[in-house]
Amino acid sequence: MQNLTHLCLGLRSTKMRAMLLLIFLTVISTKTALAQSLNWEGQTGVFVTPLAYVPPSTEKGLGGPVVAYHYLDAGQVLGGFHQVSISVGALERLEFGYTRNLHQDGSTAGLSSLWGSGFNIFHGKFNFLQENLSWRPALSVGFVARSGVRNVGGVIQNQNTTNADFYVVATKTVTTVRRLPLVFNFGFKGTNASLLGLAGNAPAYQGRLFGAAAFAFRGPRRSTILLGSELLQQPRRVEGLPGIVVPTTITYAARIVPGGALPLRAWAVETPRLTIDLGVAQIAGTVAPGVNLEARHQFAFGVSYGF
């Protein structure tokens, strides 16, 4: 049995390395076309929240795919999370894609065993109102569907679970301040996922708010740097663990666009090809008496590339 366990772990590790290698080979071997940054779940977004924008595409067809890799060091209890994503824009209004979550076990006895090996994430978005250069923001509706989730409640019940988000979001890039574009994002979603599925399911669907604000400035060597922060309300309870209380997720992020232009005509217009994200996420500390998830100031990293 021990040999079989080691074999399974080795196969899972090999599979993860192969998928990450594929993404990075794609990134470094392509120098054409443009696209926007993907967030943690493969949407055009900041780090954990979606923007109302969608990847570039033609009026009557598909755009080039956008690929991304994200990593979160969630600490000794939760472990490490890897996300490998691909998204595509269509008809200048649509976005759809797939993300695979891959999990590395934590090292805390009694708690880390509540997390499984990973799950699937599918998403779609429709931009029904496009942004203009004056006051009007971009407005979109979208969904995220997760399957094969065996985290927390799924482990307790010994079964895979599913959960989903349905949201509306508004995004506006303000360029009235000379050479200091500002980006504002605000949305509302109904969800039965706890921590985007990383903590399994919530007991029922709940309405949650999310938002972000950022500003852009020129960096060294013709780069553009965006600095910002996000708030993402979480369902307070976790299915299967009634005594747990989950706090709001907060991130502090820096987005680096090598050789990118300042978004002086709205961020959606500039469509950078390569973006690099660095961030710190406040996830969860003491969620119940005697239960500390030790995930309060966690490092996160992401890279996106558009064909």
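Everything quoted here is computed from the prediction, not taken from an experiment.
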To the nearest 0.5 Å, how far apart are [atom1] in [X] and [atom2] in [Y]?
| X | Y | atom1 | atom2 | value |
| --- | --- | --- | --- | --- |
| R218 | I225 | CZ | CD1 | 11.5 Å |
| N127 | L91 | CG | CG | 12.0 Å |
| Y305 | T275 | OH | OG1 | 11.0 Å |
| L38 | L51 | CG | CG | 10.5 Å |
| T161 | N151 | OG1 | CG | 7.5 Å |

Which pairs of donor and acceptor atoms, one on a side chain in residues 191-199, lie under 3.5 Å apart (sequence neighbours left out)?
| from | atom 1 | to | atom 2 | distance (Å) |
| --- | --- | --- | --- | --- |
| T191 | OG1 | A164 | O | 3.4 |
| T191 | OG1 | D165 | OD1 | 2.5 |
| T191 | OG1 | A193 | N | 3.0 |
| N192 | OD1 | A164 | N | 2.9 |

Check the pair E92, S57 against side chain to side chain contact (heavy atoms under 4.5 Å, CB included), reporting the backbone distance first and the verdict last. CA-CA 5 Å; E92 295 185 339; S57 61; 4.3 Å; yes

If I compare all heavy atoms of [X] with all of [Y], which pair ends up nearest, and what's the gap?
| X | Y | value |
| --- | --- | --- |
| P50 | N39 | N-ND2, 3.6 Å |
| P258 | S223 | CA-CB, 4.1 Å |
| A300 | L72 | CB-CD1, 4.1 Å |
| R93 | V54 | O-CG1, 3.8 Å |
| F81 | N101 | CD2-ND2, 3.7 Å |
| R150 | N160 | NE-OD1, 3.0 Å |

Indicate every side-chain donor-acceptor pair of residues 238-249 with a distance under 3.5 Å to a residue at least two apart or in another chain.
| from | atom 1 | to | atom 2 | distance (Å) |
| --- | --- | --- | --- | --- |
| T249 | OG1 | Q234 | NE2 | 2.9 |

Check L232, D277, V48 against T251 for a side-chain contact (heavy atoms from CB on, under 4.5 Å) and give me the one that passes. V48

Measure from the side-chain N and O atoms of S85 to the backbone N and O of T99, and report whether any donor-acceptor pair falls under 3.5 Å. no

Report yes or no: does Q130 contribute a side-chain atom to a donor-acceptor pair with the main-chain N or O of F128 at less than 3.5 Å? no

Of E41, E95, K125, H123, which is the lone residue that meets side chain to side chain donor-acceptor pair (under 3.5 Å) with S87? H123

Check the side chains of T108 and Q76 for a donor-acceptor pair under 3.5 angstrom, ignoring hydrogens and angles.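 Result is no, nothing qualifies.
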
Examine the side chains of R146 and N120 and answer whether a donor and an acceptor come within less than 3.5 Å of each other.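 Result is no, nothing qualifies.
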
In terms of hydrophobic clusters joined by side-chain contacts under 4.5 Å, are [X] and [Y] together?
| X | Y | answer |
| --- | --- | --- |
| F186 | Y53 | no |
| I250 | L209 | no |
| F307 | Y69 | yes |
| V169 | L129 | no |

Flag the pair [X] / [Y] as yes when at least one side-chain heavy-atom distance between them is below 4.5 Å, and no otherwise.
| X | Y | value |
| --- | --- | --- |
| I121 | Q83 | yes |
| F215 | L227 | yes |
| P137 | E131 | no |
| Y252 | Q282 | yes |
| I283 | L293 | no |
| Q43 | Y167 | yes |
| F96 | V88 | yes |
| T171 | V183 | yes |

Partners passing ring pair (Phe, Tyr, Trp, His ring centres under 6.0 Å) against F47 (at least two apart in sequence or in another chain):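 With sequence neighbours excluded, F47 shows a ring pair (Phe, Tyr, Trp, His ring centres under 6.0 Å) to H70, given in chain and number order.
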
Taking ring pair (Phe, Tyr, Trp, His ring centres under 6.0 Å) as the test, write out the residues that go with F122, two or more places apart. Y98

Parallel, tilted or perpendicular: rings of Y71 and H82 (30°, 60°):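 Geometry flag for Y71 against H82: tilted rings.
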
Might you work through the side chain to side chain contact (heavy atoms under 4.5 Å, CB included) test for L274 and V303, ending with a clear yes or no? CA-CA 7 Å; L274 170 67; V303 58; 3.8 Å; yes

Applying side chain to side chain contact (heavy atoms under 4.5 Å, CB included) to E230 and F210, what does each step give before you reach the verdict? CA-CA 7 Å; E230 301 168 282; F210 61 87; over 6 Å; no

What pairs of donor and acceptor atoms, side-chain ones from residues 58-67 against any protein atom, are under 3.5 angstrom apart with sequence neighbours left out?
| from | atom 1 | to | atom 2 | distance (Å) |
| --- | --- | --- | --- | --- |
| T58 | OG1 | G61 | N | 2.9 |

Under 4.5 Å between side-chain heavy atoms, chaining through other members, with only Ile, Leu, Val, Met, Phe, Trp and Tyr counted: pull out the rest of the cluster around F166, sorted by chain and number. F143, Y205

Could you walk me through whether L78 and Q104 satisfy the side chain to side chain contact (heavy atoms under 4.5 Å, CB included) test, starting with their C-alpha distance in whole Å, then the side-chain angles of each, then the deciding distance to 0.1 Å, before giving a yes or no? CA-CA 9 Å; L78 302 183; Q104 289 179 302; over 6 Å; no

